[in-house]
Amino acid sequence: DNGLVFAAASEADAEAQRPRWLEFGRRANEALDRCGYALCSGRVMAGQPLCCLAVDEWRRRFAHWVEHGGGNDLIAARIYFDLRPLAGNAALAQPLVDLLRSPAAATPRFIKQLADLALAKPARLSWLGRVVPTAHEGRPMFDLKLNGTTLFVDAARLWALAHRIDAVGTVPRLHAAADALGVPAAERQAWLAGFDTLLGLRLRMQHGRRADAHERAWVDWGDLGVHDRQALRQALRGAQRMLQRIELDYCR
């Protein structure tokens with residue numbers, strides 16, 4: 001997922017410049033694709049018109065998503081609000097970062113909507129605390145991204161906006177959120193260990209596998225040994241505690 005921000009003196013200037021930047025973005029996307037970073041099926045790429053905007057255009061989009069908070073707005077916020085400058089004039093991204101750290105981004109209604117979104121995917125554990133696999137392609141499997149790492153990523157994103165946390169990246173955000181919330185050390189460690197376990201499982205299962213970007217997140221339940229299943233269960237318990245905290249804070 002990537003976008004491009006450029007400087008423009010006016011709306012007319014932005015329109016005049018856009019074709020050149022779109023071409024640049026397209027070439028960058030295609031180069032990344034050749035390196036193994038597949039083109040985004042959702043068209044969230046710098047070579048797409050909605051992802052190649054001047055500073056003021058991006059600011060208006062960000063403000064609209066927070067103000068309206070519709071279904072598509074929340075989806076867009078989940079993608080774009082994790083922005084980090086990678087190349088070029090990084091100062092152009094600062095107004096957007098400032099907007100996300102402003103009181104406007106911490107609008108209670110919008111934060112509540114993000115909390116509801118995070119809680120829409122509970123940890124897949126039974127009432128006995130066992131991992132619940134998903135039937136996929138006719139056999140039991142587990143999605144290590146959607147039902148695993150995403151639980152931590154969504155929580156970290158929510159707390160980053162709610163507490164105006166500058167950190168970018170899930171682990172630094174979880175550390176900062178734990179500080180802001182006064183989370184006990186054992187609970188903080190459960191969050192971090194859970195996220196690290198899920199990332200490690202994903203990387204190990206992906207290694208050497210030929211599959212599209214979506215399928216790489218799925219792991220066949222039969223491929224997980226006893227220790228892997230125990231580690232997965234423990235990681236999801238950490239996620240479950242994290243989601244319970246969100247529920248207590250935003251859904252009472």
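Please read all numbers here as calculations on a predicted model, not as lab measurements.
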>> Before you tell me yes or no, could you show the steps for Leu74 and Phe110 under side-chain contact (heavy atoms from CB on, under 4.5 Å), namely the whole-Å CA-CA distance, both residues' side-chain angles and the distance that decides it to 0.1 Å?
In response: CA-CA 9 Å; Leu74 293 173; Phe110 184 66; 3.6 Å; yes
> Should Val5 and Leu53 be marked as a side-chain contact (heavy atoms from CB on, under 4.5 Å) after you check the CA-CA gap, both sets of side-chain angles, and the distance that decides it?
Replying inline: CA-CA 5 Å; Val5 57; Leu53 304 173; over 6 Å; no
>> With side-chain contact (heavy atoms from CB on, under 4.5 Å) as the criterion, how do Leu144 and Thr149 come out once you've worked through the C-alpha distance, each side chain's angles and the decisive distance to 0.1 Å?
In response: CA-CA 6 Å; Leu144 292 168; Thr149 55; 6.0 Å; no
>> Evaluate Arg130 against Leu125 for side-chain contact (heavy atoms from CB on, under 4.5 Å), listing each step before the verdict.
In response: CA-CA 5 Å; Arg130 296 172 180 165; Leu125 292 170; over 6 Å; no
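The shortest distance between side-chain heavy atoms of Leu83 and Trp58 does not fall below 4.5 Å. Using a 4.5 Å heavy-atom threshold, the side chains of Asp220 and Arg139 count as touching. The shortest side-chain heavy-atom distance between Asp166 and Pro172 does not fall under the 4.5 Å cut-off. His64 places none of its side-chain heavy atoms less than 4.5 Å from the side chain of Glu67. When side chains are defined from C-beta on, Leu158 counts as touching Ile111, because their heavy atoms get closer than 4.5 Å. Residues Asn2 and Met45 meet the side-chain proximity criterion, which asks for heavy atoms closer than 4.5 Å. Annotation: side chain of Pro103 is in contact with side chain of Arg164 (closest heavy-atom distance under 4.5 Å). Contact check for Gln240 versus Leu236: no side-chain heavy atoms found under the 4.5 Å cut-off.
The minimum heavy-atom distance between Ala162 and Tyr250, with the atom names listed, is CB-OH, 3.5 Å. Taking each heavy atom of Leu232 and Leu198 in turn, the nearest pair found is CD1-CD2, 3.5 Å. Between Arg78 and Leu117 the shortest heavy-atom distance is CD-CD2, 3.0 Å. Closest approach of Gln17 to Ala8, counting heavy atoms only: NE2-CA, 3.9 Å. For the residue pair Leu39 and Asp33, the shortest heavy atom distance occurs at N-OD1, 3.4 Å. Nearest heavy-atom pair, Asp116 versus Cys251, reported as atom, atom and distance to 0.1 Å: OD1-SG, 3.7 Å.
If you chain together hydrophobic residues whose side chains sit under 4.5 Å apart, Leu146 and Ile246 never meet in one group. Clustering ILVMFWY residues whenever any of their side-chain heavy atoms sit less than 4.5 angstrom apart, transitively, puts Val55 in the very cluster that holds Leu99. Hydrophobic cluster membership differs between Tyr37 and Leu199, with clusters built from Ile, Leu, Val, Met, Phe, Trp and Tyr side chains linked at under 4.5 angstrom. Following chains of ILVMFWY side-chain contacts shorter than 4.5 Å, one cannot reach Val44 starting from Val168, and the two form parts of different hydrophobic clusters. Transitive grouping of hydrophobic side chains (ILVMFWY, heavy atoms separated by less than 4.5 Å) brings Leu151 and Phe81 into a common cluster.
Atom CG of Leu174 and atom CG of Asp179 lie 11.0 Å apart (nearest 0.5 Å). Leu22 CG to Asn29 CG: the interatomic distance, rounded to the nearest 0.5 Å, is 10.0 Å. Going from atom CH2 of Trp65 over to atom CG of Asn72 covers 10.5 Å, rounded to the nearest 0.5 Å. Remark: Asp223 CG to Trp218 CH2 distance equals 14.0 Å, nearest 0.5 Å. Atoms CG and CZ, from Leu181 and Arg188 in turn, are 10.0 Å apart once rounded to the nearest 0.5 Å. Between Arg241 atom CZ and Arg245 atom CZ the span is 8.5 Å, to the nearest 0.5 Å.
Looking at Glu57, its side chain does come within 3.5 Å of a backbone N or O of Ala54 through a donor-acceptor pair. Between the side chain of Arg124 and the main chain of Val132, a donor-acceptor pair closer than 3.5 Å is present. Within the 3.5 Å criterion, the main-chain N or O of Val66 finds a donor-acceptor partner in the side chain of Arg109. Under a 3.5 Å cut-off, the side chain of Gln113 and the backbone N or O of Gly70 do not form any donor-acceptor pair. Although no hydrogens or angles enter the test, the distance criterion places no donor-acceptor pair under 3.5 Å between the side chain of Asp228 and the main chain of Leu224. Side-chain atoms of Arg157 never come within 3.5 Å of backbone atoms of Ile79 as a donor-acceptor pair (strictly under, hydrogens ignored). In terms of modelled atom types and a separation under 3.5 Å, the side chain of Arg18 and the main chain of Cys52 share a donor-acceptor contact. Of the possible donor and acceptor atoms, one in the side chain of Arg101 sits under 3.5 Å from a partner among the backbone N and O of Ile165. In this structure, Thr134 contributes its side chain and His136 its backbone to no donor-acceptor pair below 3.5 Å. For Arg61 (side chain) and Leu50 (main-chain N/O), a donor-acceptor pair under 3.5 Å exists by modelled atom type.
Electrostatic pairing of Lys121 and Asp143 does not count as a salt bridge here, judged by no charged N lying under 4.0 Å from a carboxylate O. Salt bridge status for Asp56 with Arg60: absent, with no side-chain N to carboxylate O gap under 4.0 Å. Residues Glu23 and Arg27 are paired through a salt bridge, judged by an N-O separation under 4.0 Å between the basic side chain and the carboxylate.
Aromatic ring pairs are classed by plane angle as parallel below 30°, tilted from 30° to 60° and perpendicular above 60°; the pair Phe62 and Tyr80 is tilted. In this structure, Phe152 and Phe195 have tilted ring planes: the angle between them lies in the 30° to 60° band. Ring pair Trp159/Trp191 is parallel by interplanar angle, where below 30° counts as parallel and above 60° as perpendicular.
Taking the side chain to side chain contact (heavy atoms under 4.5 Å, CB included) definition, one finds that Leu86 meets it with Arg84, sequence neighbours left out.
Surrounding CZ of Arg43 are at most 12 heavy atoms belonging to other residues, nucleotides or ligands under 6.0 Å away. Within 6.0 Å of CD on Glu11 lie no more than 12 heavy atoms contributed by other residues, nucleotides or ligands.
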